[in-house]
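The structure appears below as structure tokens.
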Amino acid sequence: GEMAVGARYGAGAEVDAFTLVFNIVSWPAGVWGAAVTAVLLPILVRETAGSRDLTRLRREMLGAAIVVGGACALACLALVELSPSAGLFGLAPSSAAVAEKITPLLCLVAPLMMMLVVFSTFLMASQRQTSTLLEGVMPLVACAAILLVPGGGILPLIWGVLAGLAAQIFLSACVQP
């Protein structure tokens, strides 16, 4: 994926902006992932896979992921929309302009990644190793978008990431115990 990004975009304002915004919007998902895995995984390992309680817990956790992810997306939107113009991230003006333009789309990463954490945690608890394989779906789709979609500036990368996350969620949901 990184090689495809480098080949298509090189080093410049678009890649700087994408990297900054992606890191900001994915950071809350990393914190969420560490917390959910540390708290939920031991509980799930003790439970049986077909339990009604687990089905209910999965629904509740997915709902929480969407709500928390949505709140984080809004907070990231506000942060990134306000900060580049104030020069808080030290971005060049051209990168700051791109960051402001791509932030609304990239903010969707937060809730999508938080949903993936829930699915991955349930897969780990069932001792199925498919989550490791599924982690390659997003980079594969993003790479395909970068290489196959002509023009469009940074948008093929953004849409590739979002489509890849959506595909990974779908596949993760399909292989749940």
For residues 107-125, which side-chain donor-acceptor pairs fall under 3.5 Å, sequence neighbours excluded?
residue	atom	partner	partner atom	Å
S120	OG	L116	O	3.0
T121	OG1	V117	O	2.7

Kindly work out whether a path of hydrophobic side-chain contacts (I/L/V/M/F/W/Y, heavy atoms less than 4.5 Å apart) joins W32 to F22.
yes
What is the minimum heavy-atom distance between A17 and V98, and which atoms define it?
CB-CG1, 3.5 Å
Taking the side chain as every heavy atom from C-beta outward, state whether F18 and V161 have any pair of such atoms under 4.5 Å apart.
yes
Residues forming a side chain to side chain donor-acceptor pair (under 3.5 Å) with E135, sequence neighbours excluded
none
Of all heavy-atom pairs between L147 and A4, which one has the smallest distance, and what is that distance?
CD2-CB, 4.1 Å
Value rounded to 0.5 Å, distance of CE in M61 from CD1 in I66:
11.5 Å
Listing, residues 166-173 side-chain donor-acceptor contacts under 3.5 Å, not counting sequence neighbours, or none:
residue	atom	partner	partner atom	Å
Q168	NE2	L134	O	3.3
S172	OG	Q168	O	2.8

Check side-chain contact (heavy atoms from CB on, under 4.5 Å) between A35 and all other residues, then give those that pass, not counting sequence neighbours.
none
side-chain contact (heavy atoms from CB on, under 4.5 Å) filter on I43, not counting sequence neighbours, yields R46
Can you give me every donor-acceptor pair (side chain of residues 148-160, partner residue at least two apart or in another chain, under 3.5 Å) with its distance?
none

Rounding to 0.5 Å, atoms SG (C72) and CD1 (I24) come to a distance of 13.0 Å
Please say yes or no: joined through hydrophobic side-chain contacts below 4.5 Å, possibly via intermediate residues, are V175 and L165 part of one cluster?
no
